[in-house]
Amino acid sequence: MEHTAGLAHGEHDTSHELSFWEKYIFSQDHKVIGIQYGITALLFLLFGFTLMIIMRWQLAYPGQPIPLIGQWLGDANAPGGIMLPEFYNQLGAMHGTIMVFLGVVPLAVGAFGNYLVPLQIGAPDMAFPKLNMMSYWSYFLGGVTMLSSFFVPGGAANSGWTSYAPLATIATTGQTFWLCGMIFLITSSLLGSVNFIVTIVQLRAKGLTFMRLPFFVWAQLVTSFLLLLAFPPLEAAGVLQLMDRLAGTSFFLPSGLVISGQPLHVSGGGSPILWQHLFWFLAHPEVYVLILPAMGIVAEIIANNTRKPLWGYKSMVYATIFLGFMSFIVWAHHMFMTGMGTVISAFFQTTTMIISIPSVIILTALLLSLYGGSIRFTVPMLFATAFLPMFGIGGLTGLPLGLAPSDIHLHDTYYVIGHFHYVVAPGTLFALFAGIYYWFPKVTGRQMNNALGRIHFFGSFIFINGIFMPMFIEGLAGVSRRLYDGGQQYAHAQGVLHWNVFMSISAFCLFFFQLFFIINFFWSMKKGKKVNSDNPWDATTLEWDTPTPPPHGNFIKPLEVFRGPYEYSVPGKSRDFVPQSEQEKV
Amino acid sequence: MQVPYTVHTRSDTGLYNAKLGIWLFLSSEVMLFGALFSSYILLRVGADTWPHGYEHLNIPLGTVNTAVLITSSVTMVMAWASLMMKDFAKYRSYLGATILLAIVFLVIKGFEYAAKFEHGLYPSTSTYFGIYFTLTGLHALHIIGGIVVNAYLWGPGSKMWKTDPERFTHRIEIAGLYWHFVDIVWIFLFPMLYLL
Amino acid sequence: MSEAHTLEDVKQQVRRYVLVFVALLALTIVTVTISYFHLSVVPAIIVALFVASIKGTLVASYFMHLISERKLVFFVLILTGVFFLALMTLPVLHHADRGVV
Ligand code: HEM
Ligand SMILES: [Cu+2]
C-alpha cells in the first residue's frame, strides 16, 4: 500500500511513506474518503434519529417528562424534562436537515459513490483526489456548524428543514448557522459532483462503454448532474436570506409585515414566494438525489442475488436520464397552496404525472428481474427486495399529492410525511443498509454476521411500517404536521390521535433493532468471518477484481472490459457468472 | 496506477480531466448567477417603484471598471498564448498585469461602495440597493478568488513550468476560463444594475 | 484541443484577440451611450441585453475558445442552458398568475 501512495496525484511522485494524518485524516484516496463519509454520515443518521425519538415521545405523551434523557436537555429546552414547543421546533427542523443533507445524501453519494464508482469503472482513483478531500472536509465543517447551532442563544434553526421566509428571516441566531452550514454543504456537493462526472466520463477503463456501465454508476452520474445544477439556486437563496438576516435587506420580506403586533422596520417589497421557488427548485431534484443512488444499489444486489441479468437494463438507464431531466420542472407541485393560477398549476400537475412514469419503469424492471430467478435470500437481498414495495407505496402515495385538488386537502398533513418517509426511510435507507451488508466484505475482508443481520432486517421492516403507515390515516383525517402536541387541540384530530402512541412505540422498537446493526457492524469488523475470495458473492462488476481490501491505486494491473455488467447464468458457461473483465476464449 | 488524462486528452471525449471539470464548475456558476438574475427580475417586476440604475450609480466609474475587466481578460488569454509560444517571461508580465487590473477593479469598486455608504445608502435602504450590493459583492468575491488563484500561478505555482510545462499550460487555460467567466458575469451585471 | 495548436495558430489567434478586445470596448461605449438617451423600459432592456449578449458571446467564443471546443463541452453547456431557461421562467410563472405580466 505504501509503495504506490502519492502516485495518484502526479505532483509529488516521490514514494514517501504517508504519515498517519495523510493516510487516514487528510487522505486523498477515494476509498478512505468514502469511509470517512460513511462513518460521519452514519453518526449523523443516528443523531438525527435520536432527535426524532425525543420528538416521538412528546407526540405520544404530550407534556409528560421525557424519561432518561429529559433531565439533560437543559432548562431552556425542557424544564423538568418537559419539552417546550420552541425546542420541538428546533428538533424538527434539525431532524429534517440532518437526515437529508448530512445523513442520507452523504452516505448514498459521498460514501457509496466515492468508494464504488472508481472501482466499478476500473479507475485508480477519482479524477481530482485533492478536491475530493476538500469535499469531505467542507461537509464536515457544514456538519459542525449545524451541530454547534444548538448551543447559540435561542437554539438551533427552528423554521423547518424548508426554512420558509419570512418565518426563517425573523428566527433566532440558529437560522444564521443553518444558512452558513448549508453553504458549506452545498460547496461540498458541488466539488463532489464535478469530481464524479469527470471521473465517470474520463476514467472509464478500456472497453467500458456507457452502455456497459453498472446501473449504480449511471445512477451516480445522473445524481451528480442534479447536485451540480440544482444546488446553486439554493445557494443563491441562502445568500439572499443571509443578507435579509444580517444586512437588513428584504428580499423575502413583503411590505407591511407585522410581527407580534409590531410593524417590522424593513424596506419591504420582497417576496416570500421567491424563497419557496428557489428552495424547491433544488429540493425536488434533491429527492431524486435521495432515491437514485438507492435504486442503483438495489439494482446491483438484485442482479447478483437472482443470478440473472437485470430485466430491461437499457430502459432503466433511459428512464433514469429522463427522470433526472424532468425533476427540474416539477418543483412547484410543492406550492399548490401558494395561490397559483390554474394554468401554471395544470402545467406542474402534468409534469408531475409524467415524472412518475420513469419511476414506475425502473420499479417494474426491478420487479420483473426477480421473475424466474433462483433467488439467494442473503441479508443484502432481503433489504433490497423490501425496498421494492416500500418505494412503491411511497411513489403511489405521491400521485394524489401531485394533483392539486387532492393536494389541497393533504398538503401539510401527516399524509405528506408518510409519503416521503416511505420513499426515504424504508426505501432509501433500506437500500443503503443493503449496500452496507453487500460491500462490507470488499471494504473489510470480513462478512457481516448473518443472524444479527436477519434480526435487524425483520425488526426494522415490521416497525418502520408501524411508524409510517398510520401517518396516512392521520393525514387523511386532516391532522397537520409540525404540531408540537401532535394536534391535541383540534376536534377533527381526536378520532385518530391514539395512533400517535402506536407510532411512537414502533419508533422506539425500531431504535432498539438498530442496535443489532451497530453491534454487528463493529463486531464483524474485528471478528466477522473472513472471506476467502476477492469475489465472495460471485459478482460480475469490476470492484470485485481488486484485492481485498483494495490497495491505494485499486487495481494491480490495468484492466480491460469485454462485456456488459450483468452476465449472470449465461448458457453454455461453466460458472453462473462472467466477470466484465473476463476475456472471451477463442 | 496513476490517474490518467491529467495532461493528455482522452481520445473519445477529446478533453483532459480539468477541462471538463472547469466547464462543469462554470455550469454550476451559471445556475448560481442565473438564480440571482431571476430573483432580480421577479423582485423588480413586482415592485411598485424601482429606481433606474443611472439615477444612483456612477456610470463613468462603472464604464471604466468594465474596460478594466475586459482588459484583464485579454491579458489573461495573452498569458496563456505566451506559454503556448514558450515565452515564460512574457507569460509572467501578462499574468501580472491581469492580477494588477483585477486589484484596480476592486479598488474602484471600493470607492463606489464608500461613496454609497457616505450618502447613507446601504443594502437595507431598498430592494434595489440590496440587489446591487449582493450581486456586486458576490461578483467581487469571485474576483478575489481569481486573484488568489492567479497569484499562486504567477508565484509559487509557476515552478511547474520547469517540470511539467504542458500541464502548467493547462492550468493557465483553466484559470483563464474561470477568469473570462467572471468577466462575462460583469458584462451582464453592468447594464442590469447601472444602465437600466 | 491545445495539442493541435501550432505556433502559427497561436500567433494568428493573438491577432484575433486584439480585434475582439477592440470590439468589446466599442460595444461598451455603445451601450453606455445609448443609456444616456433614457429609452423607455422595454427597448432599453432589449438593447442592453442584446449588446451584453454579443459581448458575452465574443468572450466565450474567442477568449474561452468555445468556437473550437469539443462536443462534450457543448453538451454540458446546452444542458445547463435548458435549466437556466427553466430558472428564468420563474419570474414569469410568479407574475403571470397575479396579472402583473
Ligand atoms: C414517484 C412519484 C412522486 C410524486 C408524484 C411525488 C409528489 C409529491 C408532492 C406533490 C409533494 C408535495 C406534497 C405537499 O407538500 O402537499 C411531495 C412531497 C415530498 N416528496 Fe414526493 N413525490 C414522488 C416521489 C418522491 C421521492 C422518490 C422522494 C424522495 C426520495 C420524495 C420525497 C418527498 C419529500 C421529502 C416531500 C416533502 C417535502 C416537505 O414538504 O417537507 N417524493 N411529493
Ligand atoms: Cu417534489
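Hydrogens, waters and symmetry mates play no part in the numbers below; they use all other heavy atoms, side chains included. Reminder, nothing fancy here: chain letters follow the sequence lines and each chain counts from 1. In this text, all values refer to a predicted model and were calculated from it rather than measured experimentally.
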Original post:
Side chain, backbone, both or neither: which part of Leu240(A) has an atom under 4.5 Å from a heavy atom of chain B?
Top reply: side chain
Original post:
Got a donor-acceptor contact below 3.5 angstrom from the Thr13(B) side chain to the Val201(A) backbone?
Top reply: no
**OP:** Let me know if Asp12(B) has heavy atoms under 4.5 Å from chain A in its side chain, its backbone, both or neither.
**Re:** side chain
Original post:
Crowded around Phe325(A) CZ? As in, over 12 foreign heavy atoms under 6.0 Å?
Top reply: no
Subject >> Spacing of His277(A) atom NE2 and Ser39(B) atom OG [to the nearest 0.5 Å] >> reply: 10.5 Å
Subject >> Spacing of Met31(B) atom CE and Phe328(A) atom CZ [to the nearest 0.5 Å] >> reply: 6.0 Å
Original post:
Which bit of Phe231(A) is near chain B, if near means a heavy-atom gap under 4.5 Å: side chain, backbone, both or neither?
Top reply: neither
Original post:
Mind checking whether Leu32(B) and Pro233(A) have side chains closer than 4.5 Å, heavy atoms only?
Top reply: no
Subject >> Part of Leu42(B) lying under 4.5 Å from any heavy atom of chain A >> reply: side chain
**OP:** Please name the pair of heavy atoms, one in Arg204(A) and one in Arg10(B), separated by the smallest distance, quoted to 0.1 Å.
**Re:** O-NH1, 3.1 Å
Original post:
Based on non-hydrogen pairs under 4.5 Å, which of Ala237(A), Ala230(A), Ala247(A) is most in contact with chain B?
Top reply: Ala247(A)
**OP:** Go through the steps to decide whether Leu43(B) and Ser271(A) satisfy the test side-chain contact (heavy atoms from CB on, under 4.5 Å), and finish with yes or no.
**Re:** CA-CA 7 Å; Leu43(B) 291 172; Ser271(A) 163; 4.2 Å; yes
Original post:
Is any side-chain heavy atom of Pro123(B) less than 4.5 Å from a side-chain heavy atom of Met243(A)?
Top reply: yes
Original post:
What's the shortest heavy-atom distance between Phe128(A) and Asn17(B), and which atoms?
Top reply: CZ-O, 3.5 Å
Subject >> Atom pair CG (Leu274(A)) and OG (Ser38(B)), whose distance is rounded to the nearest 0.5 Å >> reply: 7.0 Å
Original post:
Under 6.0 Å from the CH2 atom of Trp154(B), do we count more than 12 heavy atoms belonging to anything else shown?
Top reply: no
**OP:** Please tell me if the side chains of Phe225(A) and Leu24(B) come closer than 4.5 Å, counting only heavy atoms from C-beta onward.
**Re:** yes
**OP:** Can you tell which part of Leu278(A) gets under 4.5 Å to a heavy atom of chain B, answering side chain, backbone, both or neither?
**Re:** side chain
Original post:
Which pair of heavy atoms, one from Tyr16(B) and one from Gln202(A), lies closest together, and at what distance?
Top reply: C-NE2, 3.5 Å
Original post:
Of all of Leu229(A), Ile197(A), Asp244(A), which one pairs up most often with chain B through heavy atoms under 4.5 Å apart?
Top reply: Leu229(A)
**OP:** Counting only heavy atoms closer than 4.5 Å, note whether Val239(A) contacts chain B via side chain, backbone, both or neither.
**Re:** side chain
Original post:
Between Leu190(A) and chain B, which part of the residue has a heavy atom less than 4.5 Å away: side chain, backbone, both or neither?
Top reply: side chain
Original post:
Below 4.5 Å, heavy atoms only, C-beta onward: do Pro4(B) and Pro124(A) meet side chain to side chain?
Top reply: yes
Subject >> Atom pair CZ (Phe129(B)) and OG1 (Thr249(A)), whose distance is rounded to the nearest 0.5 Å >> reply: 14.0 Å
Original post:
To the nearest 0.5 Å, what is the distance between CZ (Phe25(B)) and OG (Ser193(A))?
Top reply: 10.5 Å
Subject >> Interface moiety of Thr125(B) toward chain A, non-hydrogen atoms closer than 4.5 Å >> reply: backbone
Original post:
Is there side-chain contact between Ser124(B) and Val266(A), with heavy atoms separated by less than 4.5 Å?
Top reply: no
Original post:
Step by step, would you call Phe251(A) with Ile131(B) a side-chain contact (heavy atoms from CB on, under 4.5 Å)?
Top reply: CA-CA 8 Å; Phe251(A) 296 121; Ile131(B) 284 277; 3.6 Å; yes
